[in-house]
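On a predicted model such as this, the values are computed, not experimentally measured, just so you know. Labels below follow one simple rule: chain letters A, B, ... track the order of the sequence lines, proteins then strands, and each chain is numbered from 1.
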Protein chains: 2
Amino acid sequence: MPVAKSHARAPRWRRRPEVRPQQILEAAFRVFGTRGLHQATLDDVARAAGITKGTIYLYFPSKADLFTAMLKARVNGIMPPVEVSTGGPGAVTTRDRLCTLGRRLYRFFCSPAYLAMYRTLISEAPQFPRATAHFYREGILQANQRLAEVIQRGIAAGEFRKVDPIIAARAFVGMFQIFAVSQGLLGGQRLYPIPEAKIVRIVTEIFLGGLLASRAGTSRRGPARGLR
Amino acid sequence: MPVAKSHARAPRWRRRPEVRPQQILEAAFRVFGTRGLHQATLDDVARAAGITKGTIYLYFPSKADLFTAMLKARVNGIMPPVEVSTGGPGAVTTRDRLCTLGRRLYRFFCSPAYLAMYRTLISEAPQFPRATAHFYREGILQANQRLAEVIQRGIAAGEFRKVDPIIAARAFVGMFQIFAVSQGLLGGQRLYPIPEAKIVRIVTEIFLGGLLASRAGTSRRGPARGLR
DNA sequence: TCTTATTAACTGACTGGTCAGATACTTGGA
DNA sequence: TCCAAGTATCTGACCAGTCAGTTAATAAGA
């Protein structure tokens, strides 16, 4: 059944030089994220972007370049926005702020977009040291810095004891991340599932307990016996 | 210069059917671990094992099967042995035990063998759900269980407050892991390095502080305001 | 009509998997 | 103890499929 011709039918394709790069980067993120860089073909990416492979080469010189460009465009996708809202609604303690932050962090880490990004980064890091370094500096360290500022404020207010806030912040992130990664990537078949609320509660309790200043000193004299 | 013949010279190759599988698995671990499953060719693996590609197919039906066999053989490579030495040298508290354990954990996570395994697992998990599930159950959950027993003992002894030991154990692991992975894989160029001693000390302090029973209650009434 | 974004067919290199033949080792007869 | 026939193991050349990257032709838009 032939299409009625000369019927002002939509063109088979449109020229879209302004939006193509973004379009391709988005498709690349989806495809690379799900199948992995080497499993995904450029035809896959092109199909996901609604174009053909040749077009990709008009905007990106190679598959590797497309990949690193995608990474660069997603620097902010690896870490959730941690608002260091200076003011806040008055009487909110850093403690409370960390609680909500914890839940938000965990949810973010469980999102498919984050997990895809994490997987991609871990997989390809050795092959793209420069892009990885950029991502690490601009994305990860940056976000960690923001979280550290929240903790720093708690220390300054006397709520928390003195601790290197950078290290504490990363430790906090690490606790949530291991649950998200374990369940999202490894236990994808819901092996040993643990409810979100339980994870968030326990992790936050541990962290706060370890940081609160109320106890005289967590360790009697430094890192306790056995740590040499 | 021809080799003097009939001089009992070494054979070009030897028959080694007993050791070949192991040999191949070891080479596969090295090669897959460094280059990744899809980047590594079977010729690479064969060369690393000192044989040729055809030989691999005498022992493994396909590349994918070789990979899953390798995973299976390395189940114990993902987690360090946590001796739950019941007796111990008398007056060792669970607290002290966790301190040494923490350092040991962190060192283990920083080892190239562990990092390679972690990377491999994260990368290929979606493609090999069955092998991943096996690995998760037999390796990860198992090791976590052993660590949880150490914590459980601390709770039973009244040293620690009541906490789900499985979750606490994984949180403990997560804190060390994020530092090892960040520095080993992402910050491979020694971006923002942190000395081992500092990491181990601070992480262990936070964890112990969050677990010790001394304070009346970490949270006033459950997970505190803001956690809803 | 001219410019240029896009397509679609094409190429060349690479690699998983196969297999015919070569080689180390074993066995048994003298 | 020697040697020949036989077998298990291994090699290396080969094939078929795949895919990154190229390009001649086409169609949108001005």
**Message:** Each nucleotide in nucleotides 18-30 of chain D should get exactly one letter: B, S or -. Can you fill that in based on protein heavy atoms under 4.0 Å?
**Reply:** -SBBB----SBB-

**Asked** Using a cut-off of 4.0 Å on non-hydrogen atoms, how would the nucleic acid contact of A:F60 be classed: base, sugar-phosphate, or nothing?
**Response** nothing

**Fill in**
What residues 17-36 of chain B contributes to the DNA chain D interface at heavy-atom separation below 4.0 Å is B:P17, B:R20

**Asked** Which residue pairs pass the side chain to side chain donor-acceptor pair (under 3.5 Å) test when at least one of the two sits in residues 62-71 of chain B, sequence neighbours left out?
**Response** B:S62-B:D65

**Prompt:** OP1 or OP2 of D:dT11 sitting under 4.0 Å from any side-chain N/O of B:T55?
**Reply:** yes

**Sugar-phosphate only, base, or nothing, as touched by B:L58 at under 4.0 Å among non-hydrogen atoms** = base

**Message:** For residues 22-46 of chain B, which residue pairs pass the ring pair (Phe, Tyr, Trp, His ring centres under 6.0 Å) check, not counting sequence neighbours?
**Reply:** B:F32-B:F67

**Pairing residues for B:A73 by the side-chain contact (heavy atoms from CB on, under 4.5 Å) criterion, not counting sequence neighbours** = B:L25

**Request:** Specify the separation, in whole Å, of atom CD1 of B:I56 and atom P of C:dT15.
**Result:** 14 Å

**Prompt:** OP1, OP2 of C:dA5 versus side-chain N and O of A:Y59: anything below 4.0 Å?
**Reply:** no

**Request:** Look at the side chain of A:R35 and the backbone N and O of A:R30, then say whether any donor-acceptor pair between them is shorter than 3.5 Å.
**Result:** no

**Asked** To the nearest angstrom, how far is B:R47 atom CZ from C:dT15 atom C1'?
**Response** 12 Å

**Request:** Using the test side-chain hydrogen bond (donor to acceptor under 3.5 Å, both in side chains), find all partners of A:Y118 that sit at least two apart in sequence or belong to another chain.
**Result:** B:Y118

**Request:** For B:I194, check side-chain contact (heavy atoms from CB on, under 4.5 Å) against everything at least two apart and list the hits.
**Result:** A:I167, B:F179, B:Q183, B:Y192, B:K198, B:I199

**Request:** Go through the structure and list residues passing side-chain contact (heavy atoms from CB on, under 4.5 Å) with A:V75, not counting sequence neighbours.
**Result:** A:H134, A:F135, A:E138

**Item:** Set of ring pair (Phe, Tyr, Trp, His ring centres under 6.0 Å) partners for A:F108, sequence neighbours left out
**Value:** A:Y114

